[in-house]
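Following: one structure in structure tokens, then a few remarks.
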Amino acid sequence: MLIFRVYFPSIYEGVHLILHHLKKLWRRLVYLKDMALPQKDKATARKDIVVSKKDKSAAQNTKAPAQTDMAVLLGLGAIVGTVAGIYFLTKSVSPTKSAYSTKSASCTKSASCTKSASRDIGIHLNKWQYPVKDFSSADGNLENRLQSLECVGELDISRNVWDNTTDLVEEILELLLNEMRIQALKYEGLVFDGYRKQGSAREGLKIRAPNEFDVLLEYHIEGLDVEPVPVVDFGIPRPGLGKMKLLNTDYEIETQFTTWIKRNVIVRNQGSYFLKAKTLHQSVFESIVDKCRYKIATITRQNISFQLNRSMNPPSVNLTVTNIQREKGDFKSRWRLLTEEDEPDVIDIDVVPAMMVVKEKARGTSGFMECPRYAVVKWMEESQILASLFEDPSMTWRICTSGYEKHYMDLARNDTGKRYVMTACRIVKTFMSKEKDKRLPGQPPLPISTFLRSFYLKNIAFYCMLFTKSVTGVYQALGYFLGFLKISLKEGCLPEFFHGNYLLQNDFPFCAEGGQVNLFENVSRDTLTNAQHSFGTVLSQLSEMFDERALESSVCQEFKKFVITSK
């Protein structure tokens, strides 16, 4: 099979795609069989009515098709698979290369990438993105040299493993959403609208294995009008944080939302009504998810079973999928004859309930387009250091910038130079991840590896994309990436990219407003010093993978100036 895959890649990809579509169809049919109800009860009917008021199309997508539609579904699945297979098979006798190289499944032709992604940017794109890995001719044998390093190694993720895992995640999320919508009927006007994918698996920055996924779970409360108001610290608004103020009249709130008042989710403070983040997260979302995961665990599927555990880490509801069992002899095991790689035994899914509060604008490929922003709970315990800064830390929300991040990264995937930066980001993320794995009893990991969060590295990537006009390859991109990181560590400052960044005023007008946020602000001096010192180890181990002489000194100086003025 391996020889067939190497010498006949196009035929292999065609067969692979056909079986992938059939596999998804099989899962869907099993799901419909397990979830089908003999008749609609009153609760389900009410659910359909409530959902349709917000988004009929979303409701239609979640309803199980009637039995008469199954034949259509089968036909469409077969047609799609067959057409795709014919396409790839015909490509095998053409001099044109297959869509995926035999060594890497990343897109290697920038023109085709641009054509595909130009129609799917930001809010218009809601699917997992296979990790970016692009090298240029200027990089020479850099990819092979990186693979030989124990601290980096292979950057590719098996396409089969990626497809299988993302399909499983989709199935779990679909089951969870359906059950959550049923549970939401117990709460006055609560509606779950659907998921918005985010994080590294959505942006093309996933490393090592597809074992972590992030989604925003959009929701709203029917008839409730909310507005974020700033959280003020010594008379100065804190960027990115706020309280959710209700704009309804007191009479409307006290007569139409009595259940939420009794649950202490709607509270009165300084003459106005607000949504209390802590109560909403603990008493509502935690309760709903627990009931749903127990219900999901009782559903019997013919091809797969798993255990679903839950933990809460505001703003996330953390789901851990364990004990994944795939029965031998089923459709999936036969399909897996095409791959030798094992899939992850544990999958983490972070679900973040989010309420859309602002519809802002961002520049796309042709003019401005909608870029929504969401409020997510960010309450803090009174024991936390930051909590002392707020009058009532249990009412704190964060107005997240994930919409901007996805939008910016989607545009980057269509730019050859920026794809080199994304590849460099994945290299550094892989290095830090492997360093953390080296920890042994009594032997702490490299301090820099525990200090640098994935979000910090993503911000460094954004700045590399912003300040560099042209990047010749990963060799140069990695130099800029490590150079910018070195500057931020030395200055003790990494400005959050989408807060008060005046350099974005032409493309993200609203991001230029408000104050800046230093991501290192609340880091202790000792922690930062240890990170600075241990960063030398990173530079030494990657010393032959980049060259500072290949960088434009003016670019690094401009970034350094920006960081210093942001302190």
Test item: Ser287 side-chain N/O and Val284 main-chain N/O as donor-acceptor pair under 3.5 Å: no

Of all the heavy-atom pairs spanning Ser449 and Lys436, show the shortest one and how long it is. O-CD, 3.3 Å

Applying side-chain contact (heavy atoms from CB on, under 4.5 Å) to His281 and Val317, what does each step give before you reach the verdict? CA-CA 9 Å; His281 197 67; Val317 178; 4.3 Å; yes

Is there a donor-acceptor contact under 3.5 Å from the side chain of Arg373 to the main chain of Val357? no

Heavy-atom side-chain proximity of Leu155 to Phe135 below 4.5 angstrom: yes

For Tyr219 together with Phe285, are the ring centres under 6.0 Å from each other? yes

Tightest non-hydrogen contact, residues Ile324 and Asp345, listed as CD1-O, 3.7 Å

For Leu411, check side-chain contact (heavy atoms from CB on, under 4.5 Å) against everything at least two apart and list the hits. Ile121, Thr365, His407

What's the separation between atom OH in Tyr195 and atom CG in Leu177, rounded to the nearest 0.5 Å? 4.5 Å

Within the distance-only criterion (no hydrogens, no angle test), does the side chain of Ser433 pair as donor or acceptor with the backbone N or O of Lys429 below 3.5 angstrom? no

Rounded at 0.5 Å granularity, tell me how far CG in Leu216 sits from CG in Asp193. 12.0 Å

If you compare all heavy atoms of Val351 against all heavy atoms of Pro353, which two are closest, and at what distance to 0.1 Å? O-CD, 3.4 Å

Sub-4.5 Å side-chain heavy-atom contact between Leu205 and Met409: yes

Looking only at heavy atoms, the pair that brings Cys511 and Leu504 closest together is CB-CD1, 4.3 Å

Let me see the working for Glu435 and Ile448 under side-chain contact (heavy atoms from CB on, under 4.5 Å), right down to the final yes or no. CA-CA 9 Å; Glu435 280 296 328; Ile448 188 71; over 6 Å; no

Which atom pair, heavy atoms only, marks the closest approach of Arg419 to Arg413? NH1-O, 3.0 Å

If you measure from CD1 on Ile427 to CG on Leu542, what distance do you get to the nearest 0.5 Å? 8.0 Å

Contacts of type salt bridge (charged side-chain N to carboxylate O under 4.0 Å, His left out), residue Glu212, not counting sequence neighbours: none

With a 4.0 Å cut-off, would you call Arg293 and Glu179 a salt bridge? no

Output yes when Asp214 and Arg202 qualify as a salt bridge under the 4.0 Å nitrogen-oxygen rule, no when they do not. no

Answer yes or no: does atom CG of Asn141 have more than 12 heavy-atom neighbours from other residues, nucleotides or ligands under 6.0 Å? yes

Any carboxylate oxygen within less than 4.0 angstrom of a Lys/Arg side-chain nitrogen, looking at Lys406 and Asp410? no

Closest heavy-atom contact between Tyr374 and Ala354? CB-CB, 3.8 Å

Asn309 backbone acceptor or donor facing Thr320 side chain under 3.5 Å: no

Enter the distance from Met545:CE to Leu149:CG here, rounded to the nearest 0.5 Å. 4.0 Å

Start with the C-alpha distance between Ile460 and Leu494, add both sets of side-chain angles, then the distance that settles side-chain contact (heavy atoms from CB on, under 4.5 Å), and finish with yes or no. CA-CA 8 Å; Ile460 292 291; Leu494 176 57; 3.7 Å; yes

Donor-acceptor contact present, side-chain Arg426 to main-chain Pro131, <3.5 Å: no

Measuring from atom CG of Leu308 to atom CD1 of Ile349, what distance do you get when rounded to the nearest 0.5 angstrom? 7.0 Å

Would you say that Leu176 contacts Leu319 through its side chain, given a criterion of any heavy-atom pair below 4.5 Å between the two side chains? yes

Under 4.0 Å between a Lys/Arg side-chain N and an Asp/Glu carboxylate O for Glu150 and Lys434? no

Pair Glu170 + Lys197: basic N to acidic O under 4.0 Å: yes

Taking everything shown except Lys361 itself, do over 12 heavy atoms lie less than 6.0 Å from its NZ? yes

Are the side chains of Thr472 and Tyr420 in contact, using a 4.5 Å heavy-atom criterion? no

Verify, without hydrogens or angle tests, whether Asn459 (side chain) and Glu496 (backbone) share a donor-acceptor contact under 3.5 angstrom. no

Counting only N and O atoms by type, is there a donor-acceptor contact under 3.5 Å from the side chain of Arg208 to the main-chain atoms of Thr430? no

Is any side-chain heavy atom of Glu143 closer than 4.5 Å to a side-chain heavy atom of Val474? no

Could you tell me whether a side-chain N or O of Asp139 sits under 3.5 Å from a main-chain N or O of Ser136, the two making a donor and an acceptor? yes

Val428 vs Leu478 side-chain heavy atoms within contact, under 4.5 Å: yes

Report yes if the side chains of Arg196 and Ile123 come closer than 4.5 Å at any heavy-atom pair, otherwise no. yes

side-chain contact (heavy atoms from CB on, under 4.5 Å) between His124 and Glu370, intermediate numbers included: CA-CA 9 Å; His124 301 305; Glu370 183 179 307; over 6 Å; no

Would you indicate whether the side-chain heavy atoms of Leu485 and Tyr456 approach each other to under 4.5 Å? no

Across all chains, not counting sequence neighbours, the side-chain contact (heavy atoms from CB on, under 4.5 Å) partners of Pro210 are Ile157, Val161, Trp162, Thr165, Phe213

More than 12 heavy atoms from other groups under 6.0 Å of CD on Glu544: no

How long is the gap from OH on Tyr130 to CZ on Arg159, to the nearest 0.5 Å? 6.5 Å

CA sep, side-chain torsions, deciding dist, call: Phe497, Tyr408, ring-ring contact (aromatic ring centres under 6.0 Å, His included): CA-CA 11 Å; Phe497 192 74; Tyr408 200 85; 5.2 Å; yes

Identify whether the distance between the nearest side-chain nitrogen and carboxylate oxygen of Glu405 and Lys458 falls below 4.0 Å. yes

